[in-house]
Amino acid sequence: MLRLARGMALAAASAAAFSHAAFLGDFTGTFEPIQSPVCYTLYGTFTTGGQYLDANNGVIDNVHSMLARWQGDGFVDNPVTYDMGRWNGAHITPQRGYQPQDSSSGSGGASVYCMDFGMLINTKFNPHRPVVGGGYNDMYGYSWAAGIGPRPFVENSAPTDLVLQVDVGLNTFIPMVAGSWATSGTAASANVGLYAYLRDTTHTDLPPIIVLAMTHTADDLRNVTGAHWDYNASDSSTWNTKMSGTGWSIPANDSGAWFVAGPILADGSNLNAFVTTYFTVGQTSTPVPGTDTGGSSSTAFYRAHIRPEDWVKVVDAIAGDSCAGPPNCPAKSGQNGPYSRNPNDYELAYAGLISEVTLRGDNLDANPPVSNFDAGPSNWVPNDINKAQVMLGVKGYALGIYRGIH
């Protein structure tokens, strides 16, 4: 999801047009739960999927789910008995993941117990396939069916903040170059962050808009003001042509979704236009290649506010982007016009924490686009030393979604 090169250039050009959300000190208001942390003593909602806008995206409405995306159908169907906490810091069960499991190499999977959850992505154990709009990722979150999602920016006709919070610990980040699997910061990037998808209820034919509040990121987001998109219909058509005959395919008729991203920084360097920080313990940091805490990572509390005025900036950034719409970017205007500038018109569709890796050797624009890809779904080998790989282990605790009432 977090592919920002296009938008970074725009940010520098448009920064003067925005007032910044930034760091605003202590929050003196109160919080009203939208979805409080839930203690699951028996958890079974593990799913797999691809693009969020696909019909079979793996997101289940009106419940928490642990979603492994782009790592293979059924990837989290089977129990895992070795302690994945060695790699993701979450020493809990139940665990689901790759079979046959491999404790020494850290075969991938996920786990949830009570308010703890763990995510372990290891590309040694999933086919290297084209991923549109980001990389292999895990998402733990709560989803609402269309039409019944909460309105996070209003309560009793008064404006409120959308507040996302969680404890996060980054336990493992090991990018490995092909040939020797020596640790290399250039082999892959990693991003971890809180996310929220919001629907415009007055323009239901437009895709949801995504906001990301990063806890760990490979990108400098302190002063980013531009809107971005994950993929577009033109890219999809081109890439499907290049991949013809391989068995790989991506959504052909979809133009993706718009998103913005910002850091959680409680200091003066936070000049982001979209994500406001009040109180937080954790600060957005850059994952250090070679990180391995041996399963004993500490967690820090992260909180992000998206205020109604921040959301107006999100919509204005989309409207102000130089791309007019499909096929070169997602739609900006539907049958009833452009996205609403009224925050009260938006409902929450999906929110949670995402962990994501991108292998820098992947190049969908190459011809043929197989620099680090397997030739097809059946042409891959677990622990393939001839391909660059990456491992990311993350622990989360007490995911909460609130309204901040001033």
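What you see is a predicted model, and the numbers here were worked out from it, not measured in a lab.
- Although no hydrogens or angles enter the test, the distance criterion places no donor-acceptor pair under 3.5 Å between the side chain of Asn328 and the main chain of Cys323.
- Remark: the Ser143 side chain and the Asp61 side chain contain an N/O donor-acceptor pair separated by less than 3.5 Å.
- At a threshold of 4.0 Å, the pair Asp384-Lys387 counts as salt-bridged, since one of the basic side-chain nitrogens sits closer than that to a carboxylate oxygen.
- Side-chain atoms of Pro207 and Leu53, non-hydrogen and from C-beta on, do get closer than 4.5 Å to each other.
- Taking CD of Glu32 as the reference point, atom CG of Asp161 lies at 12.5 Å (rounded to 0.5 Å).
- Taking the six-membered ring for Trp and thresholds of 30 and 60 degrees, Tyr350 and Tyr52 have nearly parallel ring planes, at less than 30 degrees apart.
- Rounding to the nearest 0.5 angstrom, the gap separating the OH atom in Tyr113 from the CD1 atom in Ile92 is 9.5 Å.
- In terms of heavy-atom proximity, Gly290 sits nearest to Pro175 at N-CD, 4.0 Å.
- The main-chain N or O of Ala273 is never found under 3.5 Å from a side-chain atom of Thr225 such that the two would form a donor-acceptor pair.
- Side chains of Tyr339 and His203: a donor-acceptor N/O pair is absent below 3.5 angstrom, by distance only.
- For the 3.5 Å distance criterion, the side chains of Gln101 and Ser107 fail to qualify, holding no donor opposite an acceptor.
- Nearest heavy atom pair, residue Val288 against residue Thr291, reads O-OG1, 2.5 Å.
- The backbone N or O of Arg403 lies less than 3.5 Å from no partner atom in the side chain of Thr160, so there is not a single donor-acceptor pair.
- Interatomic distance, Leu194 CG to Leu164 CG, rounded to the nearest 0.5 Å: 5.5 Å.
- A heavy-atom distance below 4.5 Å is not found between the side chains of Cys114 and Tyr40.
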Exercise for review: Apply side chain to side chain contact (heavy atoms under 4.5 Å, CB included) to the pair Leu353 and Met139, showing each step before the final yes or no.
Suggested key: CA-CA 6 Å; Leu353 185 77; Met139 303 175 76; over 6 Å; no
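- Two residues are said to be in side-chain contact when any heavy atoms from C-beta on lie closer than 4.5 Å; Tyr136 and Val357 meet this criterion.
- Within the 3.5 Å criterion, the main-chain N or O of Met66 finds a donor-acceptor partner in the side chain of Tyr43.
- Put simply, the side chain of Thr47 does not reach to within 4.5 Å of the side chain of Val76, judged on heavy atoms.
- For the 3.5 Å distance criterion, the side chains of Asp138 and Ser355 fail to qualify, holding no donor opposite an acceptor.
- Separating the CZ atom in Arg199 from the CG atom in Asp345 is a distance of 14.5 Å, to the nearest 0.5 Å.
- Defined by atom type and a distance below 3.5 Å, a donor-acceptor pair is missing between the side-chain atoms of Ser340 and Asp200.
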Check your understanding: Checking side chain to side chain contact (heavy atoms under 4.5 Å, CB included) for the pair Leu67/Val59: CA distance, chi angles, key distance, verdict?
Key -> CA-CA 7 Å; Leu67 169 62; Val59 180; 3.8 Å; yes
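- Using bins of under 30°, 30° to 60° and over 60° for the plane-to-plane angle, the ring pair Tyr278/Phe27 lands in the perpendicular bin.
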Exercise for review: Apply side chain to side chain contact (heavy atoms under 4.5 Å, CB included) to Leu198 and Phe153, showing your working.
Suggested key: CA-CA 11 Å; Leu198 291 110; Phe153 299 121; 3.8 Å; yes
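- Within a 6.0 Å radius of CZ in Phe31, more than 12 heavy atoms belonging to other residues, nucleotides or ligands are found.
- In this structure, Ser237 contributes its side chain and Ala233 its backbone to no donor-acceptor pair below 3.5 Å.
- Panel note: side chain Gln95, backbone Tyr82; a donor-acceptor pair is recorded below 3.5 Å.
- Considering only heavy atoms from C-beta on, Leu170 comes within 4.5 Å of Leu392 through its side chain.
- No salt bridge links Asp321 with Lys332; every basic N to acidic carboxylate O contact stays at or beyond 4.0 Å.
- Side-chain atoms of Asn191 do not come within 3.5 Å of backbone N or O of Glu356 as any donor-acceptor pair.
- A donor-acceptor contact shorter than 3.5 Å is absent between the side chain of Thr277 and the backbone of Ile264.
- Residue Ser111 comes nearest to Asn88 through the heavy atom pair OG-ND2, 4.3 Å, listed as atom of the first residue, atom of the second, then distance.
- A cation-pi contact links Lys124 to Trp181, judged by a cut-off of 6.0 Å to the six-membered ring centre and 45° from its axis.
- Note: Phe125 and Tyr98 have tilted aromatic rings, judged against thresholds of 30 and 60 degrees for the angle between ring planes.
- For the residue pair Thr276 / Arg307, a side-chain donor-acceptor distance below 3.5 Å is found, with atom types taken as modelled.
- Put simply, the side chain of Leu359 reaches to within 4.5 Å of the side chain of Thr123, judged on heavy atoms.
- Checked by atom type, the side-chain pair Ser104/Asp102 shows a donor-acceptor distance below 3.5 Å.
- One side chain, Asp267 or Ser269, offers a donor N or O that lies under 3.5 Å from an acceptor on the other.
- Salt bridge Asp167/Arg303: absent, no basic N to carboxylate O contact under 4.0 Å.
- In this structure, Gly256 and Asp230 approach most closely via the heavy-atom pair CA-OD1, 3.3 Å.
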Practice item. Determine, stepwise, if the pair Trp311 / Tyr346 fulfils ring-ring contact (aromatic ring centres under 6.0 Å, His included). Key: CA-CA 10 Å; Trp311 191 253; Tyr346 288 84; 5.3 Å; yes
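- Not one N or O on the side chain of Trp70 forms a donor-acceptor pair closer than 3.5 Å with the backbone of Asn126.
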Check your understanding: When you look at Glu347 and Thr201, which way does the side chain to side chain donor-acceptor pair (under 3.5 Å) test go after all the steps?
Key -> CA-CA 7 Å; Glu347 69 173 6; Thr201 61; over 6 Å; no
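- Counting only N and O atoms by type, the side chains of Arg69 and Asn137 include a donor and acceptor under 3.5 Å apart.
- Side-chain contact between Thr45 and His64: absent, with no pair of heavy atoms (C-beta onward) separated by less than 4.5 Å.
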Practice item. Apply side chain to side chain contact (heavy atoms under 4.5 Å, CB included) to Val211 and Phe259, showing your working. Key: CA-CA 6 Å; Val211 60; Phe259 73 93; over 6 Å; no
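- Residues Leu271 and Ala22 approach most closely at CA-CB, 4.5 Å, considering heavy atoms.
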Exercise for review: Evaluate ring-ring contact (aromatic ring centres under 6.0 Å, His included) for Trp229 paired with Tyr231, printing each intermediate quantity in order.
Suggested key: CA-CA 6 Å; Trp229 62 86; Tyr231 65 100; over 10 Å; no
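- Here Thr286 contributes atom OG1 and Met214 contributes atom CE; the two are 10.5 Å apart, rounded to the nearest 0.5 Å.
- With contacts defined as side-chain heavy-atom distances shorter than 4.5 Å, the pair Val168/Val192 qualifies.
- For Leu42, the CG atom sits in a loose shell: 12 or fewer heavy atoms of surrounding residues, nucleotides or ligands are nearer than 6.0 Å.
- Taking the six-membered ring where tryptophan is involved, the planes of His216 and Tyr302 are tilted, since the angle between them lies from 30° to 60°.
- For Phe301 against Thr280, the heavy-atom pair with the smallest separation is O-OG1, 3.2 Å.
- Judged purely by atom type and a 3.5 angstrom limit, Trp87 uses its side chain to pair as donor or acceptor with the backbone of Ser103.
- Side-chain contact of His91 with Asp83: a donor-acceptor pair under 3.5 Å is present, judged by distance alone.
- Of the inter-residue distances, the one linking Met84 atom CE with Thr93 atom OG1 reads 10.0 Å to the nearest 0.5 angstrom.
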